[in-house]
Undergrad: 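One structure follows; several queries about it will come next.
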Protein chains: 2
Amino acid sequence: MALGNRKGTNAKLRSAAFKRVRADHSAELAGDYVEMIADLIDDHGEARCTDIAMRLGVANATVVKTLKRLTDQGLVTQEPYRAIFLTGEGWKLAEDGKRKHQIVEQFLLALGVPADTAKIDAEGIEHHVSADTLKAMAKFVSRNPFHSR
Amino acid sequence: MALGNRKGTNAKLRSAAFKRVRADHSAELAGDYVEMIADLIDDHGEARCTDIAMRLGVANATVVKTLKRLTDQGLVTQEPYRAIFLTGEGWKLAEDGKRKHQIVEQFLLALGVPADTAKIDAEGIEHHVSADTLKAMAKFVSRNPFHSR
DNA sequence: TAGAAAGTTTAGCATAGGCTAACTTATATG
DNA sequence: CATATAAGTTAGCCTATGCTAAACTTTCTA
């Protein structure tokens with residue numbers, strides 16, 4: 001019975017894990033877009049469709065469609081044929097994402113992962129890191145600023 | 001010019017990163033399914049639709065549809081109304097996934113992340129970890145078997 | 001062994017996220 | 001200022017991944 005119980009608990013935990021992964025995935029794209037828009041505005045003063053498309057490596061039309069969703073979600077504002085802006089909520093999401101991204105990337109570097117790989121892996125990992133894990137990573141970075149080969 | 005160049009390179013690297021994340025996502029589901037099927041076969045001697053559905057937290061019909069794809073991809077074999085089996089390639093993928101999963105989970109534990117969180121985060125992170133990063137994680141685990149609070 | 005329960009499959013629908021091609025608008029230049 | 005080019009938009013297509021409801025097998029049990 002103890003065994004049966006452990007299995008049951010485990011199954012519940014696992015299905016919860018998969019559910020969270022799926023939820024992370026839907027949130028992921030929004031995060032990537034607002035981060036990128038924020039970067040573009042900081043660097044160039046404005047964010048344009050074409051830049052986003054190029055940097056994400058997707059077609060222009062894909063960006064247009066996605067931006068419509070993000071507008072509906074209240075993260076972005078835009079007028080036809082004009083540059084794209086972030087709402088307050090959009091900025092907040094972008095800041096959170098950037099912070100997370102930086103911690104994960106710094107962490108991978110501190111762990112001894114090569115710079116290019118760290119950049120690429122951080123992009124995938126950042127959206128699946130809980131607050132606990134992020135805190136643990138930040139602590140590690142602060143104790144091992146350079147990688148400890 | 002040096003700056004322009006750095007930017008260009010960066011943009012290319014980033015779009016490559018996003019492309020890899022998208023590729024990871026399509027591979028992810030297949031990995032989760034074969035891992036789970038392997039676990040079920042190990043535990044129960046066979047893998048059934050319902051178990052997979054329950055453990056993944058999705059509807060039965062979703063599993064059926066996905067299994068069809070996996071069969072087409074040569075990872076799985078099945079006959080109508082019968083249990084599900086893995087092909088050689090399916091087993092290989094499952095083993096690789098399990099190994100990766102274990103390293104990531106052990107790593108998070110060694111880093112000081114609580115057990116439940118480690119389990120959940122590992123599920124999301126495992127599919128976005130390159131060989132380099134996995135090696136760095138394994139090394140860390142071997143040097144810090146218990147978390148260094 | 002017949003019928004109920006459990007499990008599997010099919011059909012049909014929805015959304016997200018890709019794409020290309022054709023069209024419209026804005027901008028830059030001769 | 002007229003027009004060529006660049007940028008943004010629309011339409012229509014595709015696949016992956018989810019769902020529910022209904023139909024069909026298999027298996028268990030009375």
Side-chain angles (χ1 to χ4, degrees), chain A residues 11 15-37 40-41 44-73 75-85 123-124 127, chain B residues 15-37 40-41 44-85 123-124 127:
Chain A
S15 86
F18 288 115
K19 276 181 182 165
R20 225 218 39 205
V21 172
R22 288 195 295 271
D24 287 347
H25 283 166
S26 3
E28 203 165 321
L29 200 83
D32 288 343
Y33 269 75
V34 294
E35 260 185 76
M36 183 156 294
I37 293 166
L40 285 167
I41 291 175
H44 302 15
E46 61 169 16
R48 281 145 67 254
C49 254
T50 310
D51 288 332
I52 299 173
M54 225 163 39
R55 296 199 181 194
L56 284 176
V58 300
N60 221 283
T62 302
V63 172
V64 172
K65 200 188 279 192
T66 305
L67 285 176
K68 213 160 282 170
R69 267 207 308 283
L70 299 186
T71 301
D72 290 347
Q73 286 168 38
L75 298 172
V76 153
T77 56
Q78 50 174 346
E79 286 165 81
Y81 299 99
R82 287 284 117 108
I84 296 136
F85 297 96
E123 199 61 65
H127 300 284
Chain B
S15 86
F18 287 116
K19 276 180 183 166
R20 226 218 39 207
V21 172
R22 289 196 296 270
D24 288 346
H25 283 166
S26 5
E28 203 165 323
L29 199 83
D32 287 343
Y33 269 75
V34 295
E35 261 186 76
M36 183 155 294
I37 292 167
L40 285 167
I41 291 176
H44 302 14
E46 61 167 18
R48 280 146 67 253
C49 253
T50 311
D51 288 331
I52 300 174
M54 224 164 37
R55 296 198 180 194
L56 284 175
V58 302
N60 223 283
T62 302
V63 172
V64 173
K65 200 185 281 192
T66 304
L67 285 177
K68 212 159 283 170
R69 267 205 310 281
L70 299 186
T71 301
D72 290 347
Q73 287 168 37
L75 298 171
V76 154
T77 56
Q78 49 173 349
E79 286 165 81
Y81 299 99
R82 285 286 114 107
I84 295 135
F85 297 96
E123 200 61 65
H127 300 285

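The chains referred to below are lettered A, B, ... by the order of the sequence lines, with proteins before strands, and numbering in each begins at 1.
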Undergrad: Name all pairs fulfilling the salt bridge (charged side-chain N to carboxylate O under 4.0 Å, His left out) condition that reach into residues 56-72 of chain A, sequence neighbours left out, sorted by first residue then second.
TA: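 Sorted pair list comes back empty.
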Undergrad: What distance separates E35(A) CD from E123(A) CD, expressed to the nearest 0.5 Å?
TA: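 Reported to 0.5 Å precision, the distance equals 6.5 Å.
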Undergrad: Between T66(A) and I52(A), is a side-chain contact (heavy atoms from CB on, under 4.5 Å) present by the stated rule, with each step listed?
TA: CA-CA 11 Å; T66(A) 305; I52(A) 299 173; over 6 Å; no
Undergrad: Write down the distance between CD1 (I52(B)) and C1' (dG18(D)), rounded to a whole number of angstrom.
TA: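 One finds 16 Å between C1' of dG18(D) and CD1 of I52(B), rounded.
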Undergrad: List in chain and number order the residues that pass side chain to side chain contact (heavy atoms under 4.5 Å, CB included) with D51(B), two or more places apart in sequence or in another chain; answer none if no residue qualifies.
TA: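 With sequence neighbours excluded, D51(B) shows a side chain to side chain contact (heavy atoms under 4.5 Å, CB included) to L40(B), H44(B), R48(B), M54(B), given in chain and number order.
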Undergrad: Using whole Å, report how far CD of E46(A) lies from P of dA26(C).
TA: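 Whole-Å distance recorded here is 14 Å.
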Undergrad: Please compare R69(A) and K68(B) by the position of their nearest nucleotide in DNA chain C and report the one closer to 5'.
TA: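 Between the two, 5'-proximity favours K68(B).
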Undergrad: Go through the structure and list residues passing side chain to side chain contact (heavy atoms under 4.5 Å, CB included) with R82(B), not counting sequence neighbours.
TA: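 If we apply the side chain to side chain contact (heavy atoms under 4.5 Å, CB included) test to R82(B), skipping adjacent residues, the hits are E79(B).
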Undergrad: With rounding to the nearest 0.5 angstrom, report the CG to CZ distance, D32(B) to R55(B).
TA: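 Between atom CG of D32(B) and atom CZ of R55(B) there are 13.5 Å.
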Undergrad: Measure CG/D24(A) against P/dG18(D) and give the value in whole Å, please.
TA: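 Checked: the CG to P distance equals 14 Å.
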Undergrad: Starting from P on dA7(D), measure out to CG on L67(A) and report it in whole angstrom.
TA: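 Interatomic distance, CG of L67(A) to P of dA7(D): 16 Å.
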Undergrad: Between dT17(D) atom P and D72(B) atom CG, what is the distance in whole Å?
TA: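 Answer to the nearest Å: 13 Å.
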Undergrad: For nucleotides 19-28 of chain D, give me one character per nucleotide, 5' to 3': B if any protein heavy atom sits under 4.0 Å from the base, S if the only such contacts are to the sugar-phosphate, - if neither.
TA: BB---BSSS-
Undergrad: Given dT10(D), dG7(C), dG17(C), identify the nucleotide with an atom nearest to the side chain of V64(A).
TA: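 Ranking dT10(D), dG7(C), dG17(C) by closest atom to the V64(A) side chain puts dT10(D) first.
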Undergrad: Sequence neighbours left out, cut at 3.5 Å: what donor-acceptor pairs do the side chains of residues 21-28 of chain B make with other protein atoms?
TA:
from: R22(B); atom 1: NH1; to: L56(A); atom 2: O; distance (Å): 3.1
from: R22(B); atom 1: NH2; to: L56(A); atom 2: O; distance (Å): 3.2
from: R22(B); atom 1: NH2; to: G57(A); atom 2: O; distance (Å): 3.1
from: D24(B); atom 1: OD2; to: R20(B); atom 2: NE; distance (Å): 3.3
from: D24(B); atom 1: OD2; to: R20(B); atom 2: NH2; distance (Å): 3.3
from: D24(B); atom 1: OD2; to: H128(B); atom 2: ND1; distance (Å): 3.3
from: H25(B); atom 1: NE2; to: H25(A); atom 2: NE2; distance (Å): 3.1
from: H25(B); atom 1: NE2; to: E28(A); atom 2: OE2; distance (Å): 3.4
from: S26(B); atom 1: OG; to: R22(B); atom 2: O; distance (Å): 3.1
from: S26(B); atom 1: OG; to: A23(B); atom 2: O; distance (Å): 3.2
from: E28(B); atom 1: OE2; to: H25(A); atom 2: NE2; distance (Å): 3.4

Undergrad: Rounded to the nearest 0.5 Å, how far does OG1 of T71(B) lie from CD1 of I84(B)?
TA: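 So the gap between those two atoms works out to 8.5 Å.
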Undergrad: Tell me: CG of L70(B) to C1' of dA16(D), nearest whole Å?
TA: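 Rounded to whole Å, this separation is 12 Å.
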Undergrad: Grab the CG-P distance between L56(B) and dG18(D) for me, whole Å please.
TA: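 After rounding, the gap between these two atoms is 8 Å.
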Undergrad: In degrees, rounded to 10°, what is the bend between the two ends of the helix from dT1(C)-dA30(D) to dG30(C)-dC1(D), using five pairs at each?
TA: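 Overall, the helix from dT1(C)-dA30(D) to dG30(C)-dC1(D) bends by 0° from one end axis to the other.
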Undergrad: Could you grab the distance from atom CD1 of I37(A) to atom CG of L70(A), nearest 0.5 Å is fine?
TA: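 Answer rounded to 0.5 Å: 6.5 Å.
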Undergrad: What is the distance from CG of L29(A) to C1' of dA16(D), rounded to the nearest Å?
TA: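 Rounded to the whole Å, the gap is 15 Å.
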Undergrad: Would you indicate, yes or no, if dT8(C) has its OP1 or OP2 atom less than 4.0 angstrom from a side-chain nitrogen or oxygen of T50(B)?
TA: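 Answer yes for this pair, as a side-chain N or O of T50(B) is under 4.0 Å from OP1 or OP2.
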